[in-house]
Protein chains: 2
Amino acid sequence: MTEPLDLVFSALADPTRRAILTMLLEDDMAVTDVAEPFAMSLAAISKHLGLLTRAGLISQEKRGRVKWCKLEPDALKQASVWMQGFGQFDPVNLDAFERFLEREFPEKL
Amino acid sequence: MTEPLDLVFSALADPTRRAILTMLLEDDMAVTDVAEPFAMSLAAISKHLGLLTRAGLISQEKRGRVKWCKLEPDALKQASVWMQGFGQFDPVNLDAFERFLEREFPEKL
DNA sequence: CGAACACTTAACCAAACGGTTGACGAAATT
DNA sequence: AATTTCGTCAACCGTTTGGTTAAGTGTTCG
């Protein structure tokens with residue numbers, strides 16, 4: 001019953017997890033390094049990373065004894081598309097943007 | 001400690017609440033009408049609406065004995081902006097879009 | 001006035017969440 | 001071989017969440 005959007009949005013609902021994602025924007029990181037700035041146990045961070053992985057927002061790959069965490073921003077795409085459905089996020093004007101699309105990228109439509 | 005983004009994302013994490021928002025996209029609705037399609041009590045829906053209101057995603061105005069629910073899509077904006085920070089959601093090309101903005105709406109930049 | 005309608009609130013419940021500590025396994029170092 | 005490092009797992013704990021039912025508050029209508 002648990003849809004992908006449920007996983008993604010509830011993953012994003014926690015400030016620690018959003019901070020982790022922001023950190024991973026810079027570069028891939030080991031679990032220990034992800035945990036370092038936070039005032040909580042490594043086990044807690046490990047759980048957060050597990051949740052982010054289940055949501056598809058990051059991937060984890062073990063090389064040697066260190067497990068690398070990698071941002072998977074594509075997982076945000078579906079959530080972003082859902083929100084776009086509510087419109088009005090365009091900084092300017094949707095009609096003008098559509099005209100722009102037709103003019104500049106007719107092959108993508 | 002609870003930031004606005006926490007409220008918005010956790011509000012969006014529930015499929016019932018997302019469905020309610022989608023319904024309100026059509027038109028403003030009374031609480032009873034919002035509850036009608038769902039297989040749960042009116043009290044449960046009332047709680048969901050309270051949460052959506054606290055998150056700023058809807059507003060409620062009582063006229064007579066019926067309380068009208070209105071979508072407030074602006075509350076999604078900050079969340080949308082946060083996600084945009086992870087890039088790659090632009091359907092086309094961000095650079096081209098920025099050039100478009102400068103050309104079409106120089107006064108907004 | 002009294003009854004029906006539109007909601008909200010309170011009390012309760014099971015399950016999930018966010019954190020802890022402690023034990024553990026697997027890889028690297030010495 | 002022994003030890004340290006990296007990370008997960010299990011058990012536990014208090015709080016929050018998503019639902020229930022039942023009672024209560026207004027508001028409208030007959």
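All chains are named by letter (A, B, ...) in the order of the sequence lines, taking the proteins before the strands, and each is independently numbered beginning at 1.
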Quiz item: Tell me: CD of B:Gln60 to P of C:dT9, nearest whole Å?
Solution: 10 Å
Quiz item: Does any donor-acceptor pair link the side chain of B:Lys47 with the base of D:dG19 at a separation under 3.5 Å?
Solution: yes
Exercise. Report the residue (A:Arg17 or A:Arg65) whose heavy-atom-nearest nucleotide on DNA chain C is the more 5′ of the two.
Key: A:Arg17
Quiz item: When you measure from the side chain of B:Ala43, which nucleotide among C:dG18, D:dG18, D:dT21 comes out closest?
Solution: D:dT21
Self-check item: Inter-residue atom distance B:Leu24.CG - A:Phe86.CZ, 0.5 Å rounding
Solution: 8.5 Å
Quiz item: What's the closest nucleotide to the A:Ala44 side chain, out of C:dT8, D:dT20, C:dG19?
Solution: C:dG19
Quiz item: Expressed in angstrom and rounded to an integer, what is the separation of A:Asp33 atom CG from D:dC6 atom P?
Solution: 8 Å
Self-check item: Rounded distance (Å) that lies between atom C1' of C:dG18 and atom CD1 of A:Ile45
Solution: 11 Å
Quiz prompt | Sub-4.5 Å side-chain heavy-atom contact between B:Trp68 and B:Asp27 | solution = no
Quiz item: C:dC7 phosphate, OP1 or OP2: any side-chain N/O from B:Ser46 under 4.0 angstrom?
Solution: no
Quiz item: Do A:Arg18 side-chain atoms and A:Leu12 backbone N/O form a donor-acceptor pair below 3.5 Å?
Solution: yes
Exercise. Give the rounded distance in Å between these two atoms: CG of A:Leu49 and C1' of D:dC6.
Key: 13 Å
Quiz prompt | Sidechain-backbone polar pair: A:Ser80 side chain, A:Leu76 backbone, donor-acceptor under 3.5 Å | solution = no
Scan the side chains in residues 31-41 of chain B for donor-acceptor partners under 3.5 Å anywhere in the protein, sequence neighbours excluded, and list what turns up.
unit_1  : atom_1 : unit_2  : atom_2 : d
B:Ser41 : OG     : B:Ala44 : N      : 3.1

Quiz prompt | N/O (side chain, B:Lys67) to phosphate O (OP1/OP2, C:dT8) under 4.0 Å | solution = yes
Quiz item: Any idea which of C:dT20, D:dG19, D:dG18 is nearest the B:Thr16 side chain?
Solution: D:dG19
Practice problem: Round to the nearest Å and state the distance from B:Leu51 atom CG to D:dG19 atom C1'. | Solution: 13 Å
Exercise. Starting from P on C:dT20, measure out to CZ on A:Phe38 and report it in whole angstrom.
Key: 13 Å
Quiz item: Does OP1 or OP2 of D:dG19 have a side-chain N or O of B:Ser41 closer than 4.0 Å?
Solution: no
Quiz item: How long is the line joining CG of A:Leu52 and P of C:dC17, in whole Å?
Solution: 13 Å
Quiz item: Which part of the nucleic acid does A:Ala30 contact within heavy-atom distance under 4.0 Å: base, sugar-phosphate only, or nothing?
Solution: sugar-phosphate
Exercise. Tell me which of A:Gly64 and A:Leu42 sits closer to the 5' end of DNA chain C, going by the nucleotide each one is nearest to.
Key: A:Leu42
Exercise. Whole angstrom is fine here: how far is it from CG in B:Asp14 over to C1' in C:dC17?
Key: 15 Å
Practice problem: May I ask you to evaluate whether A:His48 reaches the phosphate of C:dC17, defined as a side-chain N or O under 4.0 Å from OP1 or OP2? | Solution: no
